Q: 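So that we are looking at the same thing, I have put the structure below in structure tokens.
Note that this is a predicted model, so its numbers are computed, not measured.
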Amino acid sequence: MFKNMSLALLAGVSCLGAGLQPAVAIDAAAIPEPTVIYVDQPAQRPVAPVRTASAERSTMGGGFIEFLFGDGQNQGERYRQQPAYQQQPSYEQRRPLFPPMDPQQMSSRPEMVSEPAHAAFDPKFEKQLVDYHGSERPGTIIIDTPNKFLFLVQGNGKAVRYGVGVGRPGFTWSGVKQISAKKEWPAWTPPPEMLVRRPDLPRHMEGGPQNPLGARAMYLGSSLYRIHGSNEPWTIGTNVSSGCIRMRNEDVIDLYGRVNVGARVVVI
């Protein structure tokens, strides 16, 4: 009976071996490539573990027989989980970060130092022809100190009006004078009274664009007062001088050409 059981067992193993040939063929077939996870792919969701077979192949005739009769301690190594690759930082994240630029380095242009702002010239002080109904003869100069106007009387009830700068408080005056002299680009010698008040002034200055007497000067009698030009046109229409009558250079040149020495000057 034992002999019969042995024969039956051998016959069963033989049949089992024959029936496992297709399994051997299937196991020997090409194994699909494992899923590749690239480092620059965003991780949308956790990656499922990828199972891979060991590179060592058994000669025991198939996976099932190998599982039954193989070394049980190595089974975990043959079917182990392959850990998923960790996502690496992108190039933009890896590149060195530059320190913020200092605000002083953002613009190399030095700030321009602006000149002191001056009031705009009021158009009402522009030269213009106006009506005149007074009694002064043509060629007479009338200076309206309160309103900062100079009138040159014309014929036919007209006068040429210019804007002027007049004396500061304490330096205004009134009276009747005559033009005693005329000079182009006059030199300037401050009188002793002015040097007492302003010792910083030069003792003499030749005529020119920087000269405070401007382009022309008309002297009033034997006084220290003059009708003269100015290199500070923004002062026209203000109380600014030490008693002289200031005009814009273009206006004093125009007046200079219209009047003669000996002309009457009325200051009110």
Q: Which atom names give the shortest non-hydrogen contact between G139 and A263, and what distance separates them?
A: O-CB, 3.9 Å
Q: To the nearest 0.5 Å, what is the distance between CG (L152) and CD (Q154)?
A: 5.0 Å
Q: Taking salt bridge (Lys or Arg N to Asp or Glu O under 4.0 Å) as the definition, give me every residue that meets it alongside K183, ordered by chain and number, with sequence neighbours left out.
A: none
Q: Is N239 close to T172 at the side-chain level, that is, under 4.5 Å between some pair of heavy atoms?
A: yes
Q: Looking only at non-hydrogen atoms, find the nearest pair between Y132 and A159 and report the distance.
A: CB-CB, 3.8 Å
Q: Do I143 and I268 come within less than 4.5 Å of each other through their side chains, counting heavy atoms only?
A: no
Q: Do V130 and F125 land in one hydrophobic cluster if side-chain heavy atoms of ILVMFWY residues count as linked below 4.5 Å?
A: yes
Q: Answer with yes or no whether the hydrophobic clustering places V259 together with M247; edges join I, L, V, M, F, W, Y residues whose side-chain heavy atoms lie under 4.5 Å apart.
A: yes
Q: When rounded to the nearest 0.5 angstrom, what is the spacing between CD in E193 and OG in S242?
A: 10.5 Å
Q: Do V240 and V166 have side chains that approach each other closer than 4.5 Å (heavy atoms only, starting at C-beta)?
A: no
Q: State, to 0.1 Å, how close C244 and S241 come at their nearest heavy-atom pair, and which atoms those are.
A: O-OG, 2.6 Å
Q: Rounded to the nearest 0.5 Å, how far apart are CZ of F121 and OG1 of T235?
A: 10.0 Å
Q: Hydrophobic clusters here meaning ILVMFWY residues chained together by side-chain heavy-atom distances under 4.5 Å, can you tell me if M194 and W173 are in one?
A: no
Q: Does L150 share a hydrophobic cluster with Y256, counting links as ILVMFWY side-chain heavy atoms below 4.5 Å and allowing steps through other members?
A: yes
Q: In Å and rounded to the nearest 0.5 Å, what is the CZ to CD1 distance from F149 to I236?
A: 11.5 Å
Q: Side chain of N211, backbone of P186: donor and acceptor closer than 3.5 Å?
A: yes
Q: Scan the side chains in residues 212-228 for donor-acceptor partners under 3.5 Å anywhere in the protein, sequence neighbours excluded, and list what turns up.
A:
{"residue": "S223", "atom": "OG", "partner": "L220", "partner atom": "O", "Å": "2.6"}
{"residue": "S223", "atom": "OG", "partner": "Y225", "partner atom": "N", "Å": "3.2"}

Q: Using side-chain heavy atoms (C-beta onward) and a distance below 4.5 Å, is L201 in contact with L195?
A: yes
Q: Is a donor on one side and an acceptor on the other found under 3.5 Å between the side chain of K127 and the backbone of R161?
A: no
Q: Listing request: all salt bridge (Lys or Arg N to Asp or Glu O under 4.0 Å) pairs with a residue in residues 227-240, at least two apart in sequence or in separate chains.
A: E232-R246
Q: Name all pairs fulfilling the salt bridge (Lys or Arg N to Asp or Glu O under 4.0 Å) condition that reach into residues 131-152, sequence neighbours left out, sorted by first residue then second.
A: D131-K158, E136-R264
Q: So, do V252 and D254 sit near enough that their side-chain heavy atoms are less than 4.5 Å apart?
A: no
Q: Does V176 reach the side chain of V265, with side-chain heavy atoms less than 4.5 Å apart?
A: no
Q: Quick one: salt bridge (Lys or Arg N to Asp or Glu O under 4.0 Å) partners of R248, sequence neighbours excluded?
A: E126, E250, D251
Q: Are Y162 and L255 side-chain neighbours, meaning at least one heavy-atom pair lies under 4.5 Å?
A: yes
Q: Can you list the residues that meet the salt bridge (Lys or Arg N to Asp or Glu O under 4.0 Å) rule with K124, with sequence neighbours excluded?
A: none
Q: Minimum heavy-atom separation for R203 and P190, please, with both atom names.
A: O-CD, 3.5 Å
